[in-house]
Amino acid sequence: MQQLLNKAEVAAKIGVHPESIMRLVRAGRFPAPVRLGGDGPSFRVRFIENESDAWVAARMAARA
């Protein structure tokens with residue numbers, strides 16, 4: 001099973017503020033999270049670790 005990370009964990013791993021992650025998602029520039037439950041503003045989301053790792057790898061490859 002793939003590891004799921006919350007917004008703060010992904011942000012810490014990448015080195016940005018947690019809200020920056022959500023801005024990137026809304027702009028279509030970061031993998032969308034998985035909705036796990038709840039409705040309205042209280043729903044929980046998690047990010048798939050492999051997808052965020054691939055996003056970082058792609059940015060690193062693009063700089064070369």
Side-chain angles (χ1 to χ4, degrees):
M1 183 165 159
Q2 296 181 14
Q3 182 72 27
L4 298 176
L5 304 174
N6 66 33
K7 177 174 56 173
E9 292 169 329
V10 172
K13 191 171 184 178
I14 294 174
V16 299
H17 190 275
E19 190 51 39
S20 294
I21 296 294
M22 297 314 291
R23 280 191 214 106
L24 288 168
V25 169
R26 287 190 294 272
R29 297 176 49 212
F30 193 80
V34 177
R35 291 179 76 137
L36 295 178
D39 291 324
S42 66
F43 67 88
R44 293 179 185 253
V45 297
R46 295 293 182 267
F47 294 85
I48 299 171
E49 185 174 31
N50 292 348
E51 290 180 358
S52 59
D53 289 345
W55 183 85
V56 170
R59 297 306 159 292
M60 291 173 68
R63 71 184 178 130

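Not measured: the values here are computed from a predicted model.
To the nearest 0.5 angstrom, F47 atom CZ is 8.5 Å from I14 atom CD1. Residue H17 holds its NE2 atom at 8.5 Å from NZ of K7, rounded to the nearest 0.5 Å. Taking CD of E9 as the reference point, atom CD of E49 lies at 9.0 Å (rounded to 0.5 Å). Q3 CD to R46 CZ: the interatomic distance, rounded to the nearest 0.5 Å, is 10.5 Å. Atom CG in L36 sits 10.5 Å away from atom CG in N6 (nearest 0.5 Å). Note that CD of Q2 and CG of N50 are 4.5 Å apart. Values are rounded to the nearest 0.5 Å.
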From CA spacing to verdict: side chain to side chain contact (heavy atoms under 4.5 Å, CB included), V45, V34 = CA-CA 5 Å; V45 297; V34 177; over 6 Å; no
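Of all the heavy atoms in P18 and A8, the pair that sits closest is CG-CA, 4.3 Å.
Residues M22 and L24 share a single hydrophobic cluster, defined by chaining ILVMFWY side chains whose heavy atoms lie under 4.5 Å apart. Residues V56 and L5 share a hydrophobic cluster, clusters being chains of Ile/Leu/Val/Met/Phe/Trp/Tyr side chains in contact below 4.5 Å.
For the pair V25/P33, a side-chain contact is recorded, criterion being any heavy-atom separation below 4.5 Å from C-beta on.
Counting only distance, with no hydrogens or angles, the side chain of R59 and the backbone of W55 share a donor-acceptor pair below 3.5 Å.
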